[in-house]
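In what follows, a structure is listed as structure tokens, so that the remarks can point back to it.
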Amino acid sequence: MESVGYSLSRIWMLFLLFWLGQGRQMAPPGFVQSSCRSRIFWMKLNKLLLQGKFFQLEINDPYAGPVLLDEKLASRCGYVLSEDVWGNPVFRASVLGCHVANEADELFSLTVNIKVSSFASMRAAVTYTYPMYCSYSSWAPREIVCEENYMEVSVKTDVPAVSNDYTVAWMSALPETQNVAYQLWQLMFVSPSGRKRIMVSDAAKLGYSFNNTLYRVYLRAPYHSNESDISTVNGVNMNLVTSTSMYRQRWLLMLIDTTVSCPLDGISFTDTTLTWTVPSVIPTLVLQESTFLSKNIAMGVDGQVIVNPEENNYLLEHNKTHIGITIPIGAEGGKLKSSVSCGVYGIIYSIDLFLEHTWTDADWQTTKYTIIKSITTPFMPQIPTVINNTLPEERIFNIAFGHFLPDVSLVSITIGNVPFTLREAQHHGYKIYETSFSNGTKGFILEVSFDDPCVLKEYVNRNETKYTLLVNYTLSVGPEMVLYYHSAEVECVIADIVIPEATGYCDEENLYLAIPVFGLHQYWNLYLGAKLLNQHTALTNGYLAASNSTHLVLQIPLFAVGVIYEEVSFQKIKARFDVALRKVRTMETLQIFSVSCNFNPSAFIICHPDGTIMISAQMKTVPAIDMSKTKLRDSSCKPKEYNKGHAFFMFHVTTCGTSVRFEGDHIVYENEISYERETLPGQSQPKITRDPDYRLTVSCYYRAKETVMLGAFVSEPSTSRPFGSGTMVPRSNIAVYRRIRKALNVVSRVSKNESFMDFYEPDEAILKQPMESVFLEVELKDESPDAELYLDNCWVTGSLDFNSAPRWNIAMDGCEIKSSEYVAEFLSVAASPRVRHPSHFKRLAVRTLTHQLEQVYVHCLVAVCSPSSPCRGQCSPRKERKGHRSASLQGYVLAGPVQIVDPDLR
């Protein structure tokens, strides 16, 4: 047999030289790497030189020529074609492969044709012939290889043929030996379904490969064949083929145990490690476990033995039942690969391991057990992070987006809603570059100016801007270049807004405010009370507004709407004008701009929000009059102060004979200043006077909607009530002074009970308990019998100021309102000696339901209806009570204060 082996080697070498001379090309440099590791040929192709190309492998048969490598041929003949973790094609072949030239079981050679084409059909392919050589002489009596697609066992032919353990299953083959063919190898498989004896040629048809060399016999079996069985050893599933090889020649009968068993699983994963576990002892391979002795355990990565696994953070451990290899995810020797699953970015880790276990036992002396295992973790999601490295003082967003493996590249970005390629982004002024992290990953840095139009800007807090950068990343992931999308939002708040400060000053007749225009209408607006101060408001109120590139200047006349009079006396007016600076979006008040000055006008009228009227009247008459003798309609109302040319009056609209009327949407209160003339005694009428006839009509105008509130209750008014506007009109001619429009003469009084016979005196305290009614009577005086008094709107306040808050409506449009705080009821009026005309009277009972105020005032707006415009009753359907709206006379009455006391205090 030895001479036959040498002869075959010589023939193979001649055949190889022949092929090399038939136009085959040598592989280009760097395209192929090969080695002989243990008893396996390893060949690796460079994927970079195969980009965009297709390739096939052919195995050169020394006798039949090239044979195309396919899956069936590979598993039967001991070949493996796969990829390493970096994607390079890898070809492995057992030295006992079908087409390997074997010289004395020590020198082995195999020639492979690598066909490369630009077409899937492999037309116009270029063929590179690549021979490989391997030397292996340290054979163990039994060697088992567990490859990815086959199991192989080889044994020396001079080992003892029969075990001393007569209980083993393969001893049942002895009765079959009588039928073994002469000088032919036969195989007998033992499985749970029974025994099967077949010829070697028939075994090849079932995917097996059996042969003998000069010194050895080997059997190669595919996984999961019909003759195989699955058994579990210490928690690991094993694929088992129990077989006996039989050979008979003359007086020689050879029975060889060619049982082989390889693990199917044993892989487990955590978030940080993978663990490969195999049994320490495999019972079907060690028949006498008591004699088992482990001699050496070695591990390797990518075909290379790792002498000191701990240096690479690998953990190789073993005990009586298991051998375990633990590899950290991402450890050296393996490959991390990026992937996308269901729109989620993640990684996959792959590593090519092998385990070599050498043991001895009584039957086989030494067994070398080698397992080659490619392990790939499941998809492990890795949520990318966005790190905000922005330095606010630089006003540039700096964000790092990572961490990614080197096989990820940035394709494009979208800022806000504007997409950019990387080139476009750089041209636009964005900075985009890669950065490396200490763990071997990388990230992408993006720099965007705060002032870029794609950055969102929002005015927040008092003086801060919130800058928001919205980014959508598009990345190419892995060698498959799958697109992955990720959105990020980064915010930065900076105190970069200066709240403006206004400057105020005055001249003799005006107040001025100079306000910076920066941020006006963008961040904030100006408000006069609750009203937006715009061009229309300024013109309506009589302001002058002028602006330049830096400031808005407001000129406010002293007696314009919105001016607040802090102090008014005979000699001066202290006036103030306030403007609120409020946020555009939230209406939050940030600043009150105010200007305050003292003025010395010669004459003025001021109408306070609470109904107080202040008048400084200048009397220019010839001859001059004594200012101390001036008065209002009520002659008891004299000037508070006076001098030679001026008189100063201060009174409330409900006193001193002040009349009230309506003009459009205004309530007008009027009084007049007159002079008590001195007469000289004469002999007959008329009397002679030297004093001029002088009268000065004074009027205050209040907007009705500021007076009559439709809401039931206002807890805290947001702004002060506005001042009214006033006029003073001198009347030096009695005929001219006659009023074209008369004012109402109405009086109000509070009755002590519902009889309306006994009334409280003006200086008498009115005390009422909660739930006790207040009886109010309003009388129209000096009018025709056909006139009818009508109570339009009535309300309750806590002060005599009809504009004060809180307030509760008790009558609207002539009808009572029943609320949870107050209940009003109109009472009928009958004729009596005191009541000559019942239509001139209105009576109202007001009852408090809750004790919210210590004292209350009742206010009413009244009207007089005529036969031409009848009121049709105090409260009637709306369509029937439109007459009072066109009534010729309207007015206002006030009753109170009414003290609300507890029963025990009365």
Please determine whether the number of non-hydrogen atoms from other residues, nucleotides or ligands lying under 6.0 Å from atom CD of Q33 exceeds 12.
no
Are K368 and I144 close enough, and set up right, to give a side-chain contact (heavy atoms from CB on, under 4.5 Å), and what steps lead you there?
CA-CA 6 Å; K368 183 183 289 186; I144 296 175; over 6 Å; no
Can you check side-chain contact (heavy atoms from CB on, under 4.5 Å) on S154 and W139, steps first, answer last?
CA-CA 9 Å; S154 69; W139 290 95; 3.8 Å; yes
Count the heavy atoms of every other residue, nucleotide or ligand shown that sit under 6.0 Å from CD of E71, and state whether that count exceeds 12.
no
Go through the steps to decide whether I230 and M238 satisfy the test side-chain contact (heavy atoms from CB on, under 4.5 Å), and finish with yes or no.
CA-CA 6 Å; I230 303 296; M238 309 288 292; over 6 Å; no
Evaluate side chain to side chain donor-acceptor pair (under 3.5 Å) for Y247 paired with Q186, printing each intermediate quantity in order.
CA-CA 7 Å; Y247 182 81; Q186 296 186 30; over 6 Å; no
Compute whether any side-chain donor of one residue and acceptor of the other, for Y208 and S225, lie under 3.5 angstrom apart.
yes
NZ/NE/NH1/NH2 to OD/OE distance under 4.0 Å, E148 and R92
yes
Just say parallel, tilted or perpendicular for the rings of H403 and F437, cut-offs at 30° and 60°.
tilted
Value for CD1 (I297) from CD (E317), rounded to nearest 0.5 Å, stands at 10.5 Å
How long is the straight-line distance from OG1 of T213 back to CG of D105, given to the nearest 0.5 Å?
3.0 Å
Between N113 and T127, does any side-chain donor sit less than 3.5 Å from a side-chain acceptor?
no
Are M481 and S409 close enough that some pair of their side-chain heavy atoms sits under 4.5 Å apart?
no
Do T129 and N60 have side-chain heavy atoms sitting under 4.5 Å apart?
yes
Y223 and S228: side chain donor to acceptor below 3.5 Å:
no
Close side-chain approach of S135 and F108, heavy atoms under 4.5 Å:
no
Pairwise distance OG(S243) to CG(D257) - rounded to 0.5 angstrom
7.0 Å
Kindly indicate whether the side chain of I59, heavy atoms from C-beta on, has any atom under 4.5 Å from the side chain of L110.
yes
Side chain to side chain donor-acceptor pair (under 3.5 Å) filter on S268, not counting sequence neighbours, yields none
Spacing of CG belonging to L336 relative to CD belonging to Q382, to within rounding of 0.5 Å
8.5 Å
Does a sphere of radius 6.0 Å around NE2 in H318 hold more than 12 heavy atoms from other residues, nucleotides or ligands, not counting ones at 6.0 Å or beyond?
no
Pair Y79-C77, side-chain contact (heavy atoms from CB on, under 4.5 Å): steps then yes or no
CA-CA 6 Å; Y79 308 137; C77 289; 3.6 Å; yes
For R39, side chain to side chain donor-acceptor pair (under 3.5 Å) partners two or more places apart
E143, E152
The side chain to side chain donor-acceptor pair (under 3.5 Å) partners of S38 (sequence neighbours excluded) come to none
Minimum heavy-atom separation for R76 to R220, with atom names?
O-NH1, 2.9 Å
Measure from the side-chain N and O atoms of S280 to the backbone N and O of N319, and report whether any donor-acceptor pair falls under 3.5 Å.
yes
Salt-bridge contact K335-E83 (side-chain N to carboxylate O under 4.0 Å)
no
Do V301 and I351 make a side-chain contact, defined as non-hydrogen atoms from C-beta onward lying under 4.5 Å apart?
yes
Parallel, tilted or perpendicular, as decided by the 30° and 60° cut-offs, for the rings of F31 and Y128:
perpendicular
Specify the closest pair of heavy atoms between N234 and P279, including all atoms of both residues, with the distance to one decimal.
ND2-CB, 4.3 Å
Taking it one step at a time, do N237 and T232 satisfy side chain to side chain donor-acceptor pair (under 3.5 Å)?
CA-CA 4 Å; N237 290 324; T232 302; 2.9 Å; yes
Check: T273/T326 side-chain N/O donor and acceptor closer than 3.5 Å
no
With sequence neighbours left out, write down each residue that passes side chain to side chain contact (heavy atoms under 4.5 Å, CB included) with M122, or none if nothing qualifies.
F54, Q56, K115, S117, A125
Residues L316 and P309: closest non-hydrogen pair is CB-CG, 4.4 Å
Criterion ring-ring contact (aromatic ring centres under 6.0 Å, His included) on F404 and Y345, from CA distance to verdict
CA-CA 9 Å; F404 296 102; Y345 172 77; 5.1 Å; yes
What are the two closest non-hydrogen atoms of T291 and A362, and how far apart are they?
OG1-N, 3.0 Å
Side chain to side chain, I371 and V278, heavy atoms closer than 4.5 Å:
yes
Checking side-chain polar atoms at under 3.5 Å, does T259 have a donor or acceptor matched by the opposite partner on T284?
no
On a heavy-atom basis, the closest approach of I348 and P378 is CG1-O, 4.4 Å
Should the pair D84-K44 be classified as a salt bridge under the 4.0 Å nitrogen-to-oxygen rule?
yes
Salt bridge (charged side-chain N to carboxylate O under 4.0 Å, His left out) evaluation trace for E289 with K320:
CA-CA 11 Å; E289 291 189 30; K320 292 183 179 180; over 6 Å; no
Which distance, rounded to the nearest 0.5 Å, do you find between the NZ of K196 and the CG of L187?
11.5 Å
Please tabulate, one pair per line, all N/O donor-acceptor pairs under 3.5 Å involving side-chain atoms of residues 352-361, not counting sequence neighbours.
residue : atom : partner : partner atom : Å
D352    : OD1  : S374    : OG           : 2.8
H357    : NE2  : S294    : OG           : 2.9
W359    : NE1  : D361    : OD2          : 3.3
D361    : OD1  : D363    : N            : 2.8
D361    : OD1  : W364    : N            : 3.0

N308 atom CG, neighbour heavy-atom count above 12 within 6.0 Å:
yes
From W86 atom CH2 to D302 atom CG, the distance as rounded to the nearest 0.5 Å
5.5 Å
Ignoring hydrogens, what is the shortest heavy-atom contact between Y215 and A104? Give both atom names and the distance.
CE1-O, 4.1 Å
Just to verify, what does S290 make a side chain to side chain donor-acceptor pair (under 3.5 Å) with, not counting sequence neighbours?
none
